[in-house]
Amino acid sequence: MRRKSLVVLSALVAATLAPGGTALAGGGPGGDKLPPELQEVRDATARFHSVWEAQAEGYELASPCVEGMGFHFAKSIAADQSELKPTEPNVLVYAPTPNGGLKLVAVEYASQTAATLFGQDFDPPNGLPFYTLHAWIWKKNPKGVFNATNPKVSCDVNPYKQSGRK
């Protein structure tokens, strides 16, 4: 895959807010069973629950926390369909946790040209030069596994709220 400037990827926020995705039951723990091809992705990305492991593998922080998504850690953008590898997502998406940590919730694929994975068309560019596809394989998404946003992910996580501190 061709490595693109992470400055471009930081604009991922705008692109991934585009509506899209097909409702599909499941989405990981507590959800319905994922199709085998998405279970393969879960198995391949399990080691990335540690953000440190993701960074060691070349994923770099590429966005601030995006409401309904989380933080994007990007590695690359595929030039086209031929460079996409389902078990090697271009982006890992982490949600903030109340204790100040990060939890892996989704993977994302990015391509400079229109692409399809898992029978899903990528969302078209929304002000960016690439197409995207989210797969909520680590956190159930009531909007569907392939929807760009997840209402269960919030950037408004304050580790002091639960203790009463401000």
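The closest donor-acceptor contact from the side chain of Gln81 to the backbone of Thr116 lies under 3.5 Å. Under a 3.5 Å cut-off, the side chain of Glu67 and the backbone N or O of Cys155 do form a donor-acceptor pair. No donor-acceptor pair closer than 3.5 Å links the side chain of Asp80 to the backbone N or O of Thr113. Here the side chain of Ser63 pairs a donor or acceptor atom with the backbone of His72 at under 3.5 angstrom.
From Lys139, atom NZ reaches atom CH2 of Trp136 across 9.0 Å, with rounding to the nearest 0.5 Å. In this structure, CD on Glu60 lies 10.0 Å from CZ on Phe73, to the nearest 0.5 angstrom. Residue Lys75 holds its NZ atom at 9.0 Å from CG of Leu92, rounded to the nearest 0.5 Å.
The shortest side-chain heavy-atom distance between Phe122 and Leu84 falls under the 4.5 Å cut-off. Under the 4.5 Å side-chain criterion, counting only non-hydrogen atoms from C-beta, Met69 is not in contact with Val153. Using a 4.5 Å cut-off on side-chain heavy atoms (C-beta onward), Val145 and Phe118 make no contact. Looking at heavy atoms from C-beta onward, Asn150 lies out of side-chain contact with Val105 at the 4.5 angstrom threshold. Looking at Thr132 and Pro124, their side chains never come closer than 4.5 Å, going by heavy atoms from C-beta outward. Residues Tyr131 and Pro125 meet the side-chain proximity criterion, which asks for heavy atoms closer than 4.5 Å. Within the 4.5 Å cutoff, the side chain of Trp138 has heavy atoms near those of the His49 side chain. Residues Arg42 and Leu38 fail the side-chain proximity criterion, which asks for heavy atoms closer than 4.5 Å.
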| field | Test side-chain contact (heavy atoms from CB on, under 4.5 Å) applied to Val107 and Val91, step by step | value | CA-CA 6 Å; Val107 297; Val91 181; over 6 Å; no
| query | Step by step, would you call Val51 with Phe71 a side-chain contact (heavy atoms from CB on, under 4.5 Å)? | reply | CA-CA 11 Å; Val51 72; Phe71 293 93; over 6 Å; no
| message | Checking Asn90 against Phe130 for the side-chain contact (heavy atoms from CB on, under 4.5 Å) test, could you report, in this order, the C-alpha distance in whole Å, the side-chain angles of both residues, the deciding distance, and whether it holds? | response | CA-CA 12 Å; Asn90 307 94; Phe130 52 88; over 6 Å; no
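Residue pairs meeting the disulfide bond (SG atoms under 2.5 Å apart) criterion with at least one member in residues 101-142, sequence neighbours excluded, do not occur.
In plain terms, the two heavy atoms of Val93 and Leu104 that are nearest each other are O-CD1, 3.6 Å. Considering all non-hydrogen atoms of both residues, Ser50 and Tyr94 come closest at O-OH, 4.1 Å. When all heavy atoms of Val41 and Pro86 are compared, the pair lying nearest together is CG2-O, 3.3 Å. The two residues Pro96 and Ser154 come nearest to each other via the heavy atoms CG-O, 3.4 Å. In terms of heavy atoms, Glu83 sits closest to Ile77 at OE1-O, 4.4 Å. Of all non-hydrogen atoms in Leu133 and Asp121, the two that sit nearest each other are CD1-O, 4.1 Å.
Checked against the 6.0 Å centroid threshold, Phe48 and Tyr59 count as a close aromatic pair.
Applying the salt bridge (Lys or Arg N to Asp or Glu O under 4.0 Å) criterion to Glu57, with sequence neighbours excluded, gives Arg47.
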